[in-house]
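Scroll down for the structure; my scribbles are underneath it.
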Amino acid sequence: MTCGLARWNPITPLAGAIAMVLVAFVGPQPWTPAAVLATALAIAFASRIGWKVSALTALVVVPTFVLLVLLDAAFPDAAAEHARWIPSRAGTVDALAISLRLGAAIAALGVIVVGVAPRRLTRALAARGLPSWAAYLVIASLEAVPDARRRADDVIDAQRCRGVAMGKGTGVRGRLRALPALAGPLIVGLVTESEERALALDARAFEPRAKRTALEPIADPASERRARRVIWLALAGVIAWRLWEFAHSLTIAT
Amino acid sequence: MSDAGTARQLALSMRIRVIAYDGRVALRDVALDIARGEIVGVAGHVGAGKSTLALAAAGLLGRSLPASIDGTIAHPLGGRPPAAFVFANPSTQLTELGETVEEEVAVGPENQALPSSEIRARVDRALALADAARLAQRVPRELSGGELQRVALASALALDAPLLVLDEPTAQLDPEAAADFARALRSLRDSGVAILIVEQNLELLAALADRVLLLAGGAVLATGAPRDVLGRSPPLDPRLGTLRSVANTPTKEWRVGKEAGDALLRVDDLSAGYGARVVLEHLSLTIGAGEVVAWVGKNGAGKSTLARTIMGLVPARAGRIGVGHVDVTDLPVHERARVVGLVFQDPRRQLFSRTVLEEAIFGPRTLVVGHAEAQAREALDVVGLGGREREHPGDLAPPLQRRLAIASALASRPKFLMLDEPTAGQDAEGRSFIRAALELQRFRGAAAVITHDLNFAQDACDHNVTIDRGHVSNIGRNSRETDFFDRE
Amino acid sequence: MAVGVLRSALRVVCYPPVPLPARRPLSTLALALIPRAVALNLALGAVVGALKLPVYLDSVGTILVAVLAGPWAGITTGIVSNSVLGLLVSPALFAFIPVAVVIGWLAGLAGRVGAFRSLAGAIAAGLVIGIAAALCSAVIVIALMGGLTASGTGILTIAIRATFGVSIDGAAKIAAVVTDALDKPLSCVLVYLVLERLPRRLRARFRSAAA
């Protein structure tokens with residue numbers, strides 16, 4: 001996937017995404033989340049991952065919005081003056097605000113998740129201080145998932161050969177009886193495999209807490225480091241401003 | 001050569017009194033020195049302590065694998081780590097940290113915190129030494145067993161350790177891949193690496209090692225030149241057997257089965273495959289009642305696919321399969337399991353019970369056949385596990401687990417039984433038990449063994465069926481393999 | 001730098017006198033086990049999701065590691081598991097990392113006190129874990145999503161509010177507890193059964209590695 005994001009050191013867009021999420025939650029509502037959402041989607045489309053990110057966002061936001069409106073319409077508070085089953089203006093606005101915040105967060109993070117290869121991101125973080133064992137855990141887990149699925153297929157095959165019935169036409173009781181025959185070898189096999197893999201890690205001179213170098217280190221040019229500093233400062237500024245406003249509103253109330 | 005001179009060249013100097021796991025003694029009274037440019041082989045029956053010896057020599061005991069060691073293990077040539085290790089299972093010894101082969105090989109030097117340029121140099125050199133340079137950009141998951149094992153060798157070599165220890169590296173490889181691997185080891189020895197190799201393949205060991213250590217019951221039975229130690233007749237350890245070139249094994253006396261009769265398995269014009277890929281094309285095959293045949297052929301030729309299709313795991317796209325008088329082509333797998341049995345290569349995919357007996361009973365009990373327990377006990381006896389019914393399957397050594405898997409298939413008394421690579425990692429004793437199981441199967445129906453072990457095929461099977469690119473290409477006998485490096 | 005800030009923040013958050021277990025570095029054995037457990041969480045979760053039952057069974061791996069290797073390993077498994085889910089499925093799942101932490105921690109404590117040595121103990125542990133996890137996830141859902149997720153639990157929340165007239169907050173919490181009251185005990189029972197079938201030397205190995 002030709003993605004402009006791939007040229008950056010992954011931490012920079014990550015910093016940007018985290019800042020955007022925090023701003024969406026902390027900044028003046030409801031236009032901040034809307035702005036963040038728009039920006040995130042714009043970046044996504046500019047990086048040619050627009051449709052994927054939009055799909056991810058819509059998948060969560062649309063049902064949430066619909067359900068929230070439904071909830072408000074179906075069960076109005078006693079103080080409300082509108083009839084049942086008709087969404088109120090206040091309720092819809094609330095639902096919209098919540099959904100926009102959620103959407104902004106998912107879209108911003110979605111750009112990272114879709115646009116940056118997880119291995120690359122982990123390696124970049126490892127170069128900046130993420131401990132070796134944490135980096136190993138994330139990368140090995142990503143690898144282990146398709147492995148486990150294949151192992152599950154093998155287990156299913158082996159047990160079918162011994163007469164365990166599965167698939168269409170098997171009753172609930174049959175499926176329940178099949179569960180230990182399937183889950184058992186799968187789980188026991190995974191635990192036993194861990195022993196071998198631990199030995200293999202030892203054999204490869206792996207030390208969980210030691211520093212590691214890389215065959216092809218990910219570059220971290222000074223310009224990017226400066227950009228990140230700017231992002232953190234801007235974020236700190238926004239948070240400070242909102243805190244000041246909040247404190248100010250408290251003092252006004254008293 | 002002065003003492004100081006020899007001492008400088010020793011990659012390993014080991015004096016063990018006792019090594020024990022959880023109070024159980026695994027190895028005792030071992031003295032072993034290995035110098036640069038030497039290959040020392042270790043042989044022994046299953047459970048003799050070979051893996052313990054290998055792990056101890058590499059300095060891997062006492063970390064993830066706790067053990068109490070009474071003795072000294074010294075690596076005079078130093079190195080961090082002083083030894084590199086290659087395991088038997090090609091895939092579980094990869095760290096998963098590398099997306100490509102190149103990255104996987106780099107993991108060792110990365111752990112050693114070397115600068116990038118040095119890592120690059122080590123990776124290139126290691127790949128060249130292991131003859132895996134053209135695999136550099138491949139994804140490990142797509143490689144064959146033989147290729148993976150060469151990647152594992154390269155990964156070990158990248159550590160640049162003076163000692164290389166290998167524990168049954170060719171156990172899961174076909175003969176061609178095993179010969180390639182042995183060649184790579186020979187050139188490593190010539191370049192000055194000290195090598196300790198544990199192997200069940202006696203021919204390989206005899207051709208490769210400068211001297212051999214024979215272990216039995218946790219102690220050293222003999223050491224010396226390979227032919228002296230491995231080539232005795234009668235063998236020093238009957239559980240292990242002896243070299244085939246020396247052995248005088250009568251091959252016909254086992255045959256006490258029925259005369260081959262009516263066709264038990266009939267495969268007519270079978271086509272099958274995975275998705276768009278057609279693996280079997282118009283394959284026809286007949287196996288008579290009372291027969292045991294070997295299915296041989298290169299990797300990828302379709303032997304496993306044929307077995308899975310007969311079992312029903314892969315649907316037949318065309319053609320028919322008959323077992324006895326029943327056409328099973330349309331039967332679902334769990335119904336077909338009454339008359340057809342298949343034992344896979346990896347027994348751990350199916351073992352899950354608390355005791356050996358429970359495991360053997362599972363098949364007949366699921367299929368609801370009469371006398372499940374009696375059948376299970378009989379099957380366990382045949383494979384040599386009688387008396388171990390109450391043990392936990394997870395506590396058995398892998399070759400015994402494989403025999404347990406065979407027993408649990410036997411217990412259901414299928415008419416046609418297929419075994420996929422049953423002899424990998426077995427010692428002579430294990431092989432004779434598997435042969436006994438096959439003899440029993442002659443009375444029940446027939447059997448097919450997928451195997452790379454042509455010697456076993458010649459001993460245990462009536463004839464070989466060669467499967468090549470989805471067809472049956474040849475039926476007949478193959479000549480014996482006496483010299484391991486025949487092919488060179 | 002960012003990682004340093006995160007670490008300091010964690011230290012601040014963890015200061016209150018909550019009985020955190022003594023911090024022991026993760027052994028290589030635990031490190032090798034955790035990715036398999038994460039894969040187990042995802043694989044089981046996907047398989048069971050297809051069966052459309054009111055259970056998830058997506059924490060079995062976390063609970064297993066916690067019982068085998070202690071609370072810190074369990075917490076780590078939970079964090080990694082949800083992070084991988086976030087990377088592979090949807091960033092919305094990052095929000096539920098605290099829930100996984102709670103599950104890993106409590107399962108580890110339960111393992112330490114021997115709850116998983118009997119079936120009844122496993123079920124009891126499951127109920128405790130279920131309620132705690134449910135409350136934690138309900139709080140997250142309320143704070144970030146207004147009280148509803150697009151799932152069975154969300155529909156249940158609406159139903160509860162309709163029938164009992166409780167507030168959205170209350171309904172969300174009750175709905176979560178109901179779903180988790182079924183899922184967590186079932187997961188714990190599965191772990192108990194698996195532990196029974198593990199060869200004893202494996203269990204001992206993990207215990208000595210964790211201790």
Side-chain angles (χ1 to χ4, degrees), chain A residues 117 119 123 132 135-136 139-144 146-147 150-151 154-170 177-178 180-189 191-207 210-217, chain B residues 55 58 60 63-65 80-81 84-87 89 92-97 99 102-103 106-116 119-120 123 141 155-156 159 308 311-313 332-335 337-338 340-344 346 348-353 362-363 366-367 394 408-409 412:
Chain A
R119 265 183 207 268
R123 278 167 48 202
S132 305
Y136 168 75
I139 297 180
S141 300
L142 288 168
E143 274 298 315
D147 266 349
R150 255 174 297 138
R151 182 186 268 269
D154 285 346
V155 169
I156 290 177
D157 280 348
Q159 303 300 49
R160 283 170 81 192
C161 290
R162 292 162 98 188
V164 178
M166 267 167 255
K168 310 184 183 68
T170 351
R177 237 180 329 169
L182 295 180
L186 185 64
I187 302 179
V188 174
V191 175
T192 333
E193 188 183 303
S194 315
E195 253 194 315
E196 287 172 34
R197 296 216 180 247
L199 262 181
L201 283 174
D202 283 343
R204 216 73 82 74
F206 181 79
E207 289 289 338
K211 270 219 66 111
R212 300 182 73 238
T213 47
L215 175 66
E216 275 167 26
Chain B
L55 289 168
L60 285 177
R63 293 158 66 181
S64 292
L65 196 57
R80 237 175 28 112
F85 205 96
V86 175
F87 298 83
N89 186 327
T92 53
Q93 66 185 306
L94 301 180
T95 61
E96 302 170 302
L97 280 173
E99 208 164 358
E102 198 174 58
E103 289 180 15
V107 169
E110 285 174 354
N111 290 337
Q112 292 170 309
L114 298 168
S116 307
I119 300 180
R120 165 60 56 189
V123 166
R141 200 174 306 143
S155 306
L159 291 167
R308 302 177 106 230
M311 190 71 221
L313 294 169
V333 179
H334 63 269
E335 293 282 325
R338 291 173 190 283
V340 182
L342 172 56
V343 181
F344 292 91
D346 189 353
R348 284 182 307 188
R349 299 287 190 244
Q350 63 172 90
L351 303 182
F352 72 105
S353 309
F362 181 72
T366 311
L367 290 170
S408 58
S412 305

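A, B, ... follow the sequence lines: proteins, then strands. Residue 1 opens every chain.
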Beyond-backbone contact of [X] with [Y], side-chain heavy atoms, under 4.5 angstrom:
X      : Y      : value
B/H334 : A/R162 : no
A/F206 : B/T95  : no
A/D154 : B/D346 : no

Is the shortest distance from a Lys or Arg side-chain nitrogen in [X] or [Y] to a carboxylate oxygen in the other one below 4.0 Å?
X      : Y      : result
B/R348 : A/E196 : yes
A/K211 : B/E110 : no
A/R212 : A/E207 : no
A/D157 : B/R349 : no

Looking only at atom types and distance, does a side-chain atom of [X] sit under 3.5 Å from a main-chain N or O of [Y], one as donor and one as acceptor?
X      : Y      : result
B/Q112 : B/R80  : yes
B/T366 : A/V164 : no
B/R63  : A/A203 : no

When the 4.5 angstrom heavy-atom criterion is applied to A/A198 and chain B, the contacting part is both

Portion of A/R119 that has a non-hydrogen atom of chain B nearer than 4.5 angstrom
side chain

I need the residue from [options] with the largest number of non-hydrogen atom pairs under 4.5 Å to chain B.
options                        : value
A/A200, A/P185, A/A135         : A/P185
A/E195, A/R160, A/R150, A/R123 : A/R160
A/G189, A/A205, A/A210         : A/A205
A/G184, A/A214, A/A140, A/P217 : A/A214
A/E216, A/R204, A/E143         : A/R204
A/L201, A/L199, A/V188         : A/L199

Find the one option among [options] whose heavy-atom pairs under 4.5 Å with chain A are most numerous.
options                : value
B/L94, B/L367, B/L97   : B/L97
B/S116, B/G341, B/P115 : B/S116
B/M311, B/E102, B/R338 : B/M311
B/Q93, B/R120, B/E99   : B/E99

Counting only heavy atoms closer than 4.5 Å, note whether [X] contacts chain A via side chain, backbone, both or neither.
X      : result
B/E335 : neither
B/A106 : side chain
B/N89  : side chain
B/R308 : side chain
B/P332 : neither
B/R141 : side chain
B/S155 : both
B/T92  : both
B/L351 : backbone

Angle class for the B/F362/B/F352 ring planes (parallel below 30°, perpendicular above 60°, tilted otherwise)?
perpendicular

Salt bridge (Lys or Arg N to Asp or Glu O under 4.0 Å) partners of B/E103, counting only residues at least two apart
none

Worked check of side-chain contact (heavy atoms from CB on, under 4.5 Å) between B/L55 and B/F85
CA-CA 8 Å; B/L55 289 168; B/F85 205 96; 3.7 Å; yes

